[in-house]
Each structure stands twice: as structure tokens, then as C-alpha cells.
Number of protein chains: 2
Amino acid sequence: MELQLQIKMNKKLFLRDPEQTELGKKIIQHSIEVINKNGFEAFTFKKLAEDINSTEAGIYRYFENKHKLLMYITAWYWSWLEYRIMIHTLNVNDPEVKLKKVIQLLAATVEDDIDTSHINENILHQIIIAEGTKAYLTKHVSEDNKDQFFKPYKDLCAKVGQIILECNPKYKYPKSLSSTIIEMAHFQNFFMNNLPALTDFGKEDESKVVAFLEELVFSAIS
Amino acid sequence: MELQLQIKMNKKLFLRDPEQTELGKKIIQHSIEVINKNGFEAFTFKKLAEDINSTEAGIYRYFENKHKLLMYITAWYWSWLEYRIMIHTLNVNDPEVKLKKVIQLLAATVEDDIDTSHINENILHQIIIAEGTKAYLTKHVSEDNKDQFFKPYKDLCAKVGQIILECNPKYKYPKSLSSTIIEMAHFQNFFMNNLPALTDFGKEDESKVVAFLEELVFSAIS
DNA sequence: TTTATAAAGATAGTATTACTATCTCATAGA
DNA sequence: TCTATGAGATAGTAATACTATCTTTATAAA
């Protein structure tokens, strides 16, 4: 039996489905690497094309522009994370155990546990930390939101909010606490590695980020 | 007696000091408006030049590029905020009262209380919410950090961390909690107005953001 | 009053970016 | 064999992100 995870993506994010062709898969795979290398601002379709030995025009057949590609990648990431949370909390009944698992999945480096073929989840995690918020921090958030481009992110937030409510049905801010955990799992990691004065952690000490978030969340809801 | 706040800026952020000339002040004033109008990605020196009836080359005499200008603006904002916190906590001895004041100053809309001439602090607050993180979410954070471009942000974080420790000297994560408050004061505001599914607040209900943050912080440290 | 000199306007030019368009070629299926 | 699809190759354009140079203007020191 061979199983492979296939995440269903919002069709409006692309012009041609990258999952359906060789070039498409290469675009996703290499875009993650090229964005990681020089950052999203310096990232161009031309550089990506050179990296995969294809042409700029070829990539434009798949994505309208680099921002759509970033939204595709981030949407994929959040869907994948929600899937991982689902897997790792199957048969777990205690909501507090669930919540701890969620925090760990959010804040700790990925051990490559699920086969997703062409996507390097570790690098993906890195670029979501540094570039993820840029997907929605734009003047056209609202239109993009209407097109449901952030649905995976919102679904994840809702799911975590649900678990929070399972822990304490009376807690008043499940969604805000949820988005706080999600963003801070990434921001504290970024700060720890790049602006350490903004944290209490040493370089690459993810376990402390997890501990901080756990304490924060459980003191908030109890 | 006429007093005016003058914030001392890191000299490496500009080529010519914008505070010293008419054009310089116009650049700062109008850049805030032009960035606010179409977002930082769409912002160009050419558009700014048109807005102030000057020339592109003229602006390049003040700032190397638009990212330096963004860092200048954000640095100014954080310095200004620290100054406001100082003013509003003068003669306040109870650290918990101080911390509440800090949260309010971070999360609530600015009432224009201090004279800073050419800068519209309300619009500035808006662009810091949407664009502020882009100042440091780059591949060159570390070099920029070495040049002390983020010092005002780090100073503010340290100051808030200090107040947290005054409230509870045994709390283990004062700096991370501080950066969490600072970022979330902005993110929850952005979410509330643009991606409401990620929060528990209605549109423009800043007082709830304040309440959420207060509860979060005080349950964490007590 | 002359003379520096600094600020800023005017103009031009270049490399790169962000696309669009078109034409060809290979191949896989019907 | 026909035909649709994917993708390589090439060309072109408007805008962006600068750099350079020359002139004008305002001010202030000599």
C-alpha cells in the first residue's frame, strides 16, 4: 500500500494546477528553495526559471504573479499543518494533551513524517516563519479573503480555537488566543534566531519557545 | 514656552537628515500617507516625489532605498511610543498600573497628545500595524541589527520586559511576553479589521483587544 | 558686494522587474 | 493520423530602482 498526501488547493490561486505536471511540481519545490535563499522581496520568476532550467514565461503559465505563488505555498503549509494536527491528535481525548501537541507541532522543527513527495517541509517551515505574514499583510487582503485564499489558515485557527474551548468552555477569546499562539510560534522562533534581544531563548532553542507558549496558553485558559 | 518633541535617529538610516530641511520633513510626512494609501509593496519614490511635487532623485538624496525609509519610520514610531510610555507612567509606582497603561498605549488608537509637527501619528499607527514587521522580516535582518536599526524596538521591548519583572520578579519570559504583547497589539487589530475570523472582536473594537491582552498578560505573570 | 556652498529642481540614462504575446516542437491519446 | 496539451524559445513593453550630471536658487560667510 502506498499512500501519498494530496492537498486540495483553491483553484483561483493558480492558472494551471502545479500538482498535475512535472514543471508544476518543480515550480513549487524550487520556489520554496529560491525564496528561502534570498527572501521573498528578491525572489523573481526569472531567477526561479533559471533555477529549474525553464523559462519565465513558463512559470507565468502556472501563477499570475509571485504573490499568488506565496499565497499558494502558505495555504498549502497551513493545510498540511492542520492535517498533521489531525493525525497527531487522533484518539487523543484529553483536550489539554491535544493543545500541547498543537503547540509542539506549531513551534518545533518538522521531523519529515508524512510523504509529500516534492515539497521540503523543513525549508517550507523556515520560509513560513520569515515570509508567511506577507501573504496577508497587503492592501488587497479583503479581496483575497473573499476569494477564500486564507481559508486553510482560518480553518486551522478555528480548529485550535475549538480545542481551547474544549479545555475551558468559558474562555472568552479562543480565536484570538489561537491566532496568538500560531503567530507567536513563528515570531518567537524568528526573534530567537535573528533578534535575540526580543526573547528569553538562546539560539535554536525551540523547546523553550514551546514551554513559553504552553505556560502562556494554560495560564490564560485556567 | 514652546516645546517640541525631537527624536534622535540613527544616522545610518539616512543619507541626509530629513529633520533638517523642508523637503526632508515633507518626505517623512508624505511617505506615511503614500504608504498608507497603496501599501508598502506598491510604494515607490517616484510616486512619493509626485505627491510632494519634487523629484525622484531628490528623495534618493535622503534615503538609499524605500526599505531604509521604512526602517526610519518604524524606528521613529517605536521611539515615540517609548517616549509616550515614559510620559504616561511618570509618577506611577504600581507596576501593574504601568503595565495596563502600556497595553493601552500599544493597542488603542492614538489621541494626538504630543506635538510632533509634521507627522500624522494616527496614520503612522495604521501603517505600523500593516507594514511594521516588514522592516525586520528580511534576509538582511542581522546586518541591519548590527547597524542598530532596531534599537528603538528592542529598547521598548526591554522596557516593557522590565515592567513585567517589576510585577513578578520570578516570571521566566519577560522579553518574549513583551514582544508578544507588542506584536499582538498590532496583529489582533489587523485581524479584527481585515480577517475577523481570526479574532473574537467586532470591527474596530479596540477596547476588546486591550481586554484580551490584559487578561493574557496578567494571567501569565501571576 | 562678491563668492562659496548647500539644497533642490531638471533631465537623462541604465539594468532589472514584471509581465504579455507568439511561434515552435514534442508527445500522448483518440 | 489528427489534435490537444505542455513546455521551450524568443521578443517586446511599461514600470521600477536606481545613478549621474547639470542648472538654479537661497543663504551666509568673506
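Residue numbering restarts at 1 for every chain, and letters A, B, ... go by the order of the sequence lines. This one's a predicted model, so the numbers in the text were calculated from it and none came from an experiment.
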A/Arg61 CZ to D/dT10 P: how many Å, rounded? 14 Å
D/dT16, OP1 or OP2 - any side-chain N/O from B/Lys47 closer than 4.0 Å? yes
Once rounded to the nearest 0.5 Å, what's the spacing between atom CG of A/Asn65 and atom CG of A/Leu70? 10.0 Å
Grab the CZ-C1' distance between A/Phe45 and D/dA9 for me, whole Å please. 19 Å
Under 4.0 Å between a side-chain N/O of B/Thr55 and OP1 or OP2 of C/dA8, yes or no? no
What do you reckon, are the aromatic ring centroids of A/Tyr62 and A/Tyr72 less than 6.0 Å apart? no
Would you say B/Arg16 reaches C/dA6's phosphate, i.e. side-chain N/O to OP1/OP2 under 4.0 Å? no
Between C/dA18 (C1') and A/Glu50 (CD): distance, integer Å: 14 Å
B/Ser54 vs C/dG9: side-chain N/O to OP1/OP2 distance below 4.0 Å: yes
Take the protein atom CG of B/Asn65 and the nucleotide atom P of C/dT16, then report the distance between them rounded to whole Å. 17 Å
Phosphate oxygens OP1/OP2 of D/dA15: is one of them under 4.0 Å from a side-chain N or O of B/Thr44? no
Grab the CZ-C1' distance between A/Phe63 and D/dA7 for me, whole Å please. 16 Å
No-H, no-angle donor-acceptor pair, A/Glu56 side chain to C/dC19 base, under 3.5 Å: yes
May I have the distance from B/Tyr60 (atom OH) to C/dA12 (atom P), rounded to whole angstrom? 19 Å
Is the shortest side-chain heavy-atom distance between A/Lys68 and A/Met71 below 4.5 Å? yes
Using whole Å, report how far CD1 of A/Ile59 lies from P of D/dG8. 9 Å
Kindly say whether the aromatic ring centers of A/Phe191 and B/Tyr136 come within a distance under 6.0 Å. yes
Within less than 4.0 Å of OP1 or OP2 of D/dA7, is there a side-chain N or O belonging to A/Lys26? no
I want to confirm an ordering. Mapping B/Ala57 and B/Gly24 to their closest nucleotides on DNA chain C, which one lands closer to the 5' end? B/Gly24
Just checking, is any N or O donor in the side chain of B/Gln188 or A/Thr180 under 3.5 Å from an acceptor N or O on the other one? yes
Nearest to the side chain of A/Leu23, which nucleotide is it out of D/dT16, D/dA7, D/dT21? D/dA7
Take the protein atom CD of B/Glu22 and the nucleotide atom P of C/dG9, then report the distance between them rounded to whole Å. 11 Å
